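What follows is a single structure, written as structure tokens, with notes after it.
Owing to the predicted nature of the structure, the values given are computational and were not obtained by experimental measurement. Counting begins at 1 with the first residue of the sequence.
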Amino acid sequence: MNIHQYYPVDVVNGPGTRCTLFVAGCEHECPGCYNQRTWRLNSGVPFTIEMEEQLINDLNDRRIPRQGLSLSGGDPLHPANVPDVLRLVRRVRRACPGKDIWLWTGYTLAELSEAQRKVVAELDVLVDGKFIQALKDAKLIWRGSSNQVIHYLRKAD
């Protein structure tokens, strides 16, 4: 899996202070997307074990408490990303108790494959649906267009 950006401290992509990872690869290529540079799977840089260790350490850092992890892109549920994203979210669940996991995808829940559903089973919140320029609404929180749905999948601890 390739990534474009990792923010160890982020207050924009989900509630509270978070770690946010932007992955490469998106099949949707929505007109008006704010992050078009992430569309190509081979763009960005490889997500290494060293980066993963840093992310885990950042999530557990008590000096700057983080509420959780946000995964965006590109699309973390791009079929090529699913194995690595699944491994990562399962590791975060084990190594970072009490942290929530949010994920943004252009796919809707109804469109997900069995492999993608395994990732979703590990999430607290899924924001799904393609960005649609005609439905763009700057007043929406954590989504860009009104067709996108925020699915709260788990109760907070």
Side-chain angles (χ1 to χ4, degrees), residues 1-26 28-30 32-78 80-107 116 118-131 136-146 148-157:
M1 175 174 74
N2 281 6
I3 67 162
H4 273 264
Q5 189 71 45
Y6 169 61
Y7 294 108
V9 179
D10 182 13
V11 295
V12 176
N13 294 288
T17 302
R18 317 183 62 74
C19 295
T20 299
L21 190 64
F22 288 89
V23 303
C26 185
H28 309 294
E29 299 185 1
C30 303
C33 173
Y34 78 98
N35 217 354
Q36 293 181 16
R37 66 188 184 90
T38 65
W39 289 356
R40 287 188 348 270
L41 268 174
N42 64 352
S43 62
V45 298
F47 183 63
T48 64
I49 191 66
E50 292 80 16
M51 290 177 183
E52 182 176 317
E53 292 300 324
Q54 185 62 54
L55 185 150
I56 296 296
N57 289 336
D58 290 341
L59 281 170
N60 287 323
D61 185 351
R62 296 187 193 282
R63 295 170 299 162
I64 305 174
R66 274 75 160 201
Q67 182 170 328
L69 172 65
S70 292
L71 297 166
S72 191
D75 195 327
L77 293 184
H78 184 292
N81 290 332
V82 166
D84 291 318
V85 170
L86 180 59
R87 188 183 54 72
L88 176 62
V89 296
R90 284 180 171 167
R91 177 149 187 235
V92 169
R93 281 269 169 247
R94 285 190 318 271
C96 307
K99 305 299 181 184
D100 63 23
I101 304 172
W102 284 53
L103 186 146
W104 281 256
T105 183
Y107 302 99
Q116 290 167 322
K118 288 180 182 176
V119 173
V120 172
E122 300 292 334
L123 305 176
D124 295 277
V125 177
L126 176 73
V127 182
D128 77 349
K130 295 177 185 176
F131 172 76
K136 180 179 179 179
D137 185 346
K139 292 179 267 178
L140 294 171
I141 188 166
W142 302 317
R143 55 197 176 119
S145 57
S146 60
Q148 295 172 314
V149 177
I150 302 173
H151 299 274
Y152 294 93
L153 305 170
R154 295 176 184 235
K155 292 188 192 262
D157 293 339

Nearest heavy-atom neighbours spanning L71 and I101 = CD1-CG2, 4.3 Å
Before giving the answer on side-chain contact (heavy atoms from CB on, under 4.5 Å), spell out for L69 and K99 the whole-Å C-alpha distance, their side-chain angles and the decisive distance to 0.1 Å.
-> CA-CA 7 Å; L69 172 65; K99 305 299 181 184; over 6 Å; no
For Y6 and D58, test the side chains for any donor-to-acceptor distance below 3.5 angstrom and give the result as yes or no.
-> yes
Inter-residue atom distance Q54.CD - L59.CG, 0.5 Å rounding = 10.0 Å
Any side-chain heavy atom of L55 sitting closer than 4.5 Å to one from V92?
-> yes
How long is the span from the SG atom in C33 to the NZ atom in K130, to the nearest 0.5 Å?
-> 12.5 Å
Quick one: do M51 and V45 satisfy side-chain contact (heavy atoms from CB on, under 4.5 Å)? Show the steps, please.
-> CA-CA 11 Å; M51 290 177 183; V45 298; 3.9 Å; yes
Stepwise side-chain contact (heavy atoms from CB on, under 4.5 Å) test for F47 and L21 | CA-CA 10 Å; F47 183 63; L21 190 64; 4.0 Å; yes
Distance-minimising heavy-atom pair for P8 and C19 = O-SG, 3.5 Å
Do T105 and V120 have side chains that get closer than 4.5 Å, going by heavy atoms?
-> no
Please check if any side-chain donor atom of N13 sits under 3.5 Å from a side-chain acceptor atom of S70, or the reverse.
-> no
Okay, side chain of H78, backbone of A80: is any donor-acceptor separation there less than 3.5 Å?
-> yes
Non-hydrogen side-chain atoms of W142 and P15 separated by less than 4.5 Å | yes
Provide the closest heavy-atom pair for D124 versus D100 in the form atom of the first, atom of the second, distance.
-> OD2-CA, 3.1 Å
For A95 and I56, work out which heavy atoms get closest and say how close.
-> CB-CG2, 4.0 Å
Write down the atom of Y107, the atom of L77, and the distance for their closest heavy-atom approach.
-> CE1-O, 3.4 Å
How long is the span from the OG1 atom in T38 to the CD atom in E29, to the nearest 0.5 Å?
-> 9.5 Å
Counting only N and O atoms by type, is there a donor-acceptor contact under 3.5 Å from the side chain of R37 to the main-chain atoms of A24?
-> no
Shortest non-hydrogen pair, S43 vs R40, comes out as OG-O, 2.6 Å
Using the side-chain contact (heavy atoms from CB on, under 4.5 Å) rule, take N81 and D75 through it: C-alpha gap first, then chi angles, then the decisive distance, then the call.
-> CA-CA 8 Å; N81 290 332; D75 195 327; 5.7 Å; no
Would you say the side-chain atoms of N57 pair up with the backbone N or O of E53, donor to acceptor, closer than 3.5 Å?
-> yes
Just how far is it from atom CG of L126 to atom CD of Q148, taken to the nearest 0.5 Å?
-> 10.5 Å
Is there a side-chain contact between F131 and K136 (heavy atoms, below 4.5 Å)?
-> yes
Charged N to carboxylate O under 4.0 angstrom, D10 versus R66?
-> no
Thinking salt bridges, do E122 and R94 make one under a 4.0 Å N-O criterion?
-> no
Let me know which of V119, V89, D128 forms a side-chain contact (heavy atoms from CB on, under 4.5 Å) with L103.
-> V119
Would you mind reporting whether L140 and S146 have side-chain heavy atoms less than 4.5 Å apart?
-> yes
